[in-house]
Colleague: 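I'd like to ask you about the structure that follows.
First the proteins, then the strands, lettered A, B, ... as listed; each starts at 1.
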Amino acid sequence: MNLAGRNWRPPTVVVGAGAAGGLGLVAVGAPGGAFIGALAAATAASIALKADVRFPRWVKLVMRAVIGTSLGVSLAALPQSLLLRWGGVAIAYAATVISASALVGVLFAKRYGLPLTTGLVGTAPGGMTEMAAIADEYGLDIDAVVALQFVRKVLAVLTIIPILLIFSA
Amino acid sequence: MEGAVELALLFVSGVAAAAVFVFLRLPGGAILGSLIAAYLFAARESSAVAVPRAAVIAAQLAIGIIVASTFTESTLRSIRRYFPPAIMVAMLTVAIGLGIGAFLSVRLVEPAAVMLMGTIPGGASDVSAIVIDLDEGFSVAAMLQIVRQTSVFLVTGILLRHHSRTEG
């Protein structure tokens with residue numbers, strides 16, 4: 001398959017593998033199975049085929065909006081007093097995480113001789129795409145930032161699996 | 001029919017708010033914007049709207065594949081270059097998140113699973129795509145993720161802007 005000079009077979013296989021992996025875990029009733037299964041299978045296929053899969057921005061936006069909409073409906077079902085209480089906790093939590101990750105970033109930068117700003121952005125848990133965009137904007141070491149952000153993201157998702165297994169048992 | 005119209009309005013308002021937040025370059029803008037719009041929509045007394053499970057599964061599948069697609073040859077090269085330190089930093093960052101989650105669970109007498117899911121430093125959209133499968137109490141975990149991601153992004157941006165100005 002070759003449309004507009006691009007080989008569409010690898011991306012199609014990656015998307016197909018992701019869908020099959022996700023639906024497989026949904027079928028066995030794994031919590032978060034659609035996301036985790038799709039992520040694992042599509043990553044494996046992407047590495048095996050060295051595929052370059054790109055999605056239009058509107059697809060990403062609509063899919064994220066479906067998740068956000070569903071969460072908004074769930075939040076609306078919770079008592080308002082609970083949400084007010086959690087608002088304060090969330091801000092205190094964010095402040096703690098910012099301080100702790102900044103400390104890790106400073107230590108990393110000093111240990112590996114990188115600029116302090118690269119260490120701070122690489123270790124800040126503010127979203128991989130967002131942090132990579134900031135690194136690009138300010139001319140930081142994008143390789144270091146992407147490596148740190150990507151490994152953190154993968155490790156976090158891998159850690160979620162045992163949490164789900166332990167607490168949903 | 002009335003239910004279908006309400007559902008369509010819910011999605012349209014969610015996607016529109018997501019587009020506005022993304023346009024404003026807010027971090028995690030698509031989830032944050034649609035979440036706020038859907039919350040306001042569903043919080044009305046007359047509303048009994050629910051998002052179909054098929055739509056949620058389709059979105060979860062898509063987000064899983066989209067995240068997988070960010071793994072490219074260049075990501076692999078970056079990881080190879082920084083492999084041991086990147087693992088150590090990731091382990092430390094995840095441990096900090098889990099530590100805070102465990103502390104909050106004990107201090108606030110809340111379920112450990114909710115707190116750990118809320119404080120684990122994965123992406124807000126990734127964790128949100130998982131907690132959507134769990135009960136309503138887990139919405140709080142998504143809220144913690146979104147607040148963290150937005151705050152970190154804003155603070156980092158402000159710090160760097162200040163730093164680049166002082167550096168000349």
Colleague: Count the heavy-atom pairs under 4.5 Å between each of B:G33, B:G101, B:A19, B:A124 and chain A, then report the option with the highest count.
Modeller: B:A19

Colleague: Would you mind telling me which of A:I36, A:T43, A:I98 has the largest number of heavy-atom pairs within less than 4.5 Å of chain B?
Modeller: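 Winner by heavy-atom pair count: A:I98.
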
Colleague: Step by step, work out the side-chain contact (heavy atoms from CB on, under 4.5 Å) result for B:S69 and A:F55.
Modeller: CA-CA 9 Å; B:S69 72; A:F55 291 90; 3.9 Å; yes

Colleague: With the 4.5 Å side-chain cut-off for hydrophobic clustering, are B:V109 and B:M115 part of the same group?
Modeller: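 No, B:V109 and B:M115 fall in different hydrophobic clusters.
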
Colleague: Start with the C-alpha gap between B:F11 and A:V66, add the side-chain angles, then the distance that decides, and say whether side-chain contact (heavy atoms from CB on, under 4.5 Å) holds.
Modeller: CA-CA 7 Å; B:F11 274 123; A:V66 172; 4.1 Å; yes

Colleague: At a heavy-atom separation under 4.5 Å, does B:M88 approach chain A through its side chain, its backbone, both, or neither?
Modeller: side chain

Colleague: Which heavy atom in B:G14 sits nearest to a heavy atom in A:A65, and how many Å separate them?
Modeller: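 Closest approach of B:G14 to A:A65: O-CB, 4.2 Å.
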
Colleague: Please determine whether residues A:I142 and B:L76 belong to a single hydrophobic cluster, defined as Ile, Leu, Val, Met, Phe, Trp and Tyr linked transitively by side-chain heavy-atom distances below 4.5 Å.
Modeller: no

Colleague: Taking side chain as everything from C-beta outward and backbone as N, CA, C, O, which of these in B:I66 sits under 4.5 Å from a heavy atom of chain A? Side chain, backbone, both or neither.
Modeller: both

Colleague: Take A:W86 and B:L108 through the side-chain contact (heavy atoms from CB on, under 4.5 Å) test and state the conclusion after the steps.
Modeller: CA-CA 10 Å; A:W86 281 110; B:L108 304 174; 3.8 Å; yes

Colleague: Can you hop from B:V12 to B:V51 via hydrophobic side chains spaced under 4.5 Å?
Modeller: no

Colleague: Within a radius of less than 6.0 Å around CZ of B:F83, do more than 12 heavy atoms belonging to other residues, nucleotides or ligands occur?
Modeller: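 Count not over threshold, so no.
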
Colleague: With a 4.5 angstrom heavy-atom cut-off, is it the side chain or the backbone of B:A17 that approaches chain A, or both, or neither?
Modeller: neither

Colleague: Is the shortest heavy-atom distance from the side chain of A:R152 to the side chain of B:P121 under 4.5 Å?
Modeller: yes

Colleague: Within a 6.0 Å radius of atom CZ on B:F103, are there more than 12 heavy atoms belonging to other residues, nucleotides or ligands?
Modeller: no

Colleague: Mind listing the closest non-hydrogen atom pair of A:S74 and B:S139 along with its distance?
Modeller: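 Nearest heavy atoms, A:S74 then B:S139: CB-OG, 3.0 Å.
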
Colleague: Enter the distance from B:I146:CD1 to A:L75:CG here, rounded to the nearest 0.5 Å.
Modeller: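 It is 8.0 Å, given to the nearest 0.5 Å.
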
Colleague: Under 4.5 Å, heavy atom to heavy atom: which of residues 99-108 of chain A reach chain B? Give them by number, or say none.
Modeller: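 Answer by number: A:A100, A:V104, A:F108.
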
Colleague: Donor-acceptor check, side chain of B:Y82 to backbone of A:L148, threshold 3.5 angstrom: yes or no?
Modeller: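 Here the side-chain-to-backbone pair does not exist.
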
Colleague: Would you say A:Y112 ends up clustered with A:L116 if hydrophobic residues are merged whenever their side chains have heavy atoms under 4.5 Å apart, either directly or through other cluster members?
Modeller: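 Cluster IDs for A:L116 and A:Y112 differ.
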
Colleague: Find the one option among B:M91, B:R161, B:R77 whose heavy-atom pairs under 4.5 Å with chain A are most numerous.
Modeller: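 Sorted descending by pairs with chain A, the first entry is B:R161.
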
Colleague: Considering only heavy atoms, which portion of B:S128 lies under 4.5 Å from any heavy atom of chain A: side chain, backbone, both, or neither?
Modeller: both

Colleague: To the closest 0.5 Å, what do you measure between OG1 (B:T93) and CD (A:Q149)?
Modeller: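 If I round to the nearest 0.5 Å, the distance is 9.0 Å.
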
Colleague: For residues A:Y138 and B:G157, report the shortest heavy-atom separation together with the two atoms involved.
Modeller: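 Closest approach of A:Y138 to B:G157, heavy atoms only: OH-O, 4.0 Å.
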
Colleague: With rounding to the nearest 0.5 Å, note down the distance linking CD1 in B:I36 to OG1 in A:T69.
Modeller: 11.5 Å

Colleague: In terms of heavy-atom pairs under 4.5 Å with chain A, which of B:D135, B:L10, B:V22, B:I63 leads?
Modeller: B:I63

Colleague: Under a 4.5 Å heavy-atom cutoff, which of B:A59, B:A142, B:A62, B:P85 has the most pairs with chain A?
Modeller: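 Top option by heavy-atom pairs under 4.5 Å: B:P85.
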
Colleague: Let me know if A:L23 has heavy atoms under 4.5 Å from chain B in its side chain, its backbone, both or neither.
Modeller: both

Colleague: When rounded to the nearest 0.5 angstrom, what distance separates CG in B:L160 from CD1 in A:I134?
Modeller: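 Rounded to the nearest 0.5 Å, the CG-CD1 separation comes out at 6.0 Å.
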
Colleague: Which region of B:A37, side chain (C-beta onward) or backbone (N, CA, C, O), has a non-hydrogen atom less than 4.5 Å from a non-hydrogen atom of chain A, or is it both or neither?
Modeller: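 Neither the backbone nor the side chain of B:A37 comes within 4.5 Å of chain A.
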
Colleague: For B:V15, which atoms come within 4.5 Å of any heavy atom of chain A: side chain, backbone, both, or neither?
Modeller: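 Both parts, backbone and side chain.
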
Colleague: Between B:T119 and chain A, which part of the residue has a heavy atom less than 4.5 Å away: side chain, backbone, both or neither?
Modeller: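 Contact with chain A involves both backbone and side-chain atoms of B:T119.
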
Colleague: Taking it one step at a time, do A:L164 and B:M117 satisfy side-chain contact (heavy atoms from CB on, under 4.5 Å)?
Modeller: CA-CA 9 Å; A:L164 289 173; B:M117 291 293 280; 4.2 Å; yes

Colleague: Need one label for A:V26: side chain, backbone, both or neither, based on atoms under 4.5 Å from any heavy atom in chain B.
Modeller: side chain

Colleague: So which of A:I91, A:L140, A:V97, A:V59 has the largest heavy-atom pair count under 4.5 angstrom toward chain B?
Modeller: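 Counting heavy-atom pairs under 4.5 Å, the top option is A:V97.
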
Colleague: Counting C-beta onward and ignoring hydrogens, is there a side-chain heavy-atom pair between B:L116 and A:T159 closer than 4.5 Å?
Modeller: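 Of all side-chain heavy-atom pairs linking A:T159 with B:L116, none is under 4.5 Å.
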
Colleague: Which heavy atom of B:I65 sits nearest to which heavy atom of A:V15, and what is that distance?
Modeller: CD1-O, 3.5 Å

Colleague: Pick one of side chain, backbone, both or neither for B:R80, based on which atoms fall under 4.5 Å of a heavy atom in chain A.
Modeller: neither

Colleague: Hey, what do you get for CD1 (B:I31) to CD1 (A:I67), rounding to the nearest 0.5 Å?
Modeller: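 So the gap between those two atoms works out to 6.5 Å.
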
Colleague: If you compare all heavy atoms of B:S78 against all heavy atoms of A:A147, which two are closest, and at what distance to 0.1 Å?
Modeller: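 Distance-wise, the nearest heavy atoms are O-CB, 3.4 Å.
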
Colleague: Let's test your reading of the structure: which of B:G118, B:A50, B:A38 forms the most heavy-atom pairs below 4.5 Å with chain A?
Modeller: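 Ranked by heavy-atom pairs under 4.5 Å with chain A, first place is B:A38.
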
Colleague: Just give me the residue among B:D126, B:V56, B:V155 that pairs up with chain A most often, heavy atom to heavy atom, under 4.5 Å.
Modeller: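 Between B:D126, B:V56, B:V155, the count favours B:D126.
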
Colleague: Counting heavy-atom pairs under 4.5 Å to chain B, which of A:I47, A:V14, A:V62, A:L120 comes out on top?
Modeller: A:I47

Colleague: Counting only heavy atoms closer than 4.5 Å, note whether A:S70 contacts chain B via side chain, backbone, both or neither.
Modeller: both

Colleague: Quick check against the 3.5 Å criterion: does B:R148 have a side-chain atom that pairs as donor or acceptor with the backbone of A:Y93?
Modeller: no

Colleague: Among the options A:A90, A:A92, A:G21, pick out the one with the most heavy-atom pairs lying under 4.5 Å from chain B.
Modeller: A:A90

Colleague: Do B:V20 and B:L35 share a hydrophobic cluster (ILVMFWY, side-chain heavy atoms under 4.5 Å, transitive)?
Modeller: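 B:V20 and B:L35: one cluster.
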
Colleague: By a 4.5 Å heavy-atom criterion (distance strictly below it), what part of A:R111 contacts chain B: side chain, backbone, both, or neither?
Modeller: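 Neither part.
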
Colleague: Which residue out of A:A44, A:P125, A:A95 racks up the most heavy-atom pairs below 4.5 Å with chain B?
Modeller: A:P125

Colleague: Quick one: which of B:L61, B:V127, B:V67, B:I57 gives a side chain to side chain contact (heavy atoms under 4.5 Å, CB included) with A:F35?
Modeller: B:V67

Colleague: Please flag which part of B:L40 lies under 4.5 Å from any non-hydrogen atom of chain A: side chain, backbone, both or neither.
Modeller: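 When you check distances to chain A, no heavy atom of B:L40 falls under 4.5 Å.
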
Colleague: Select, from A:V157, A:T123, A:D141, the one with the greatest count of heavy-atom pairs under 4.5 Å involving chain B.
Modeller: A:D141

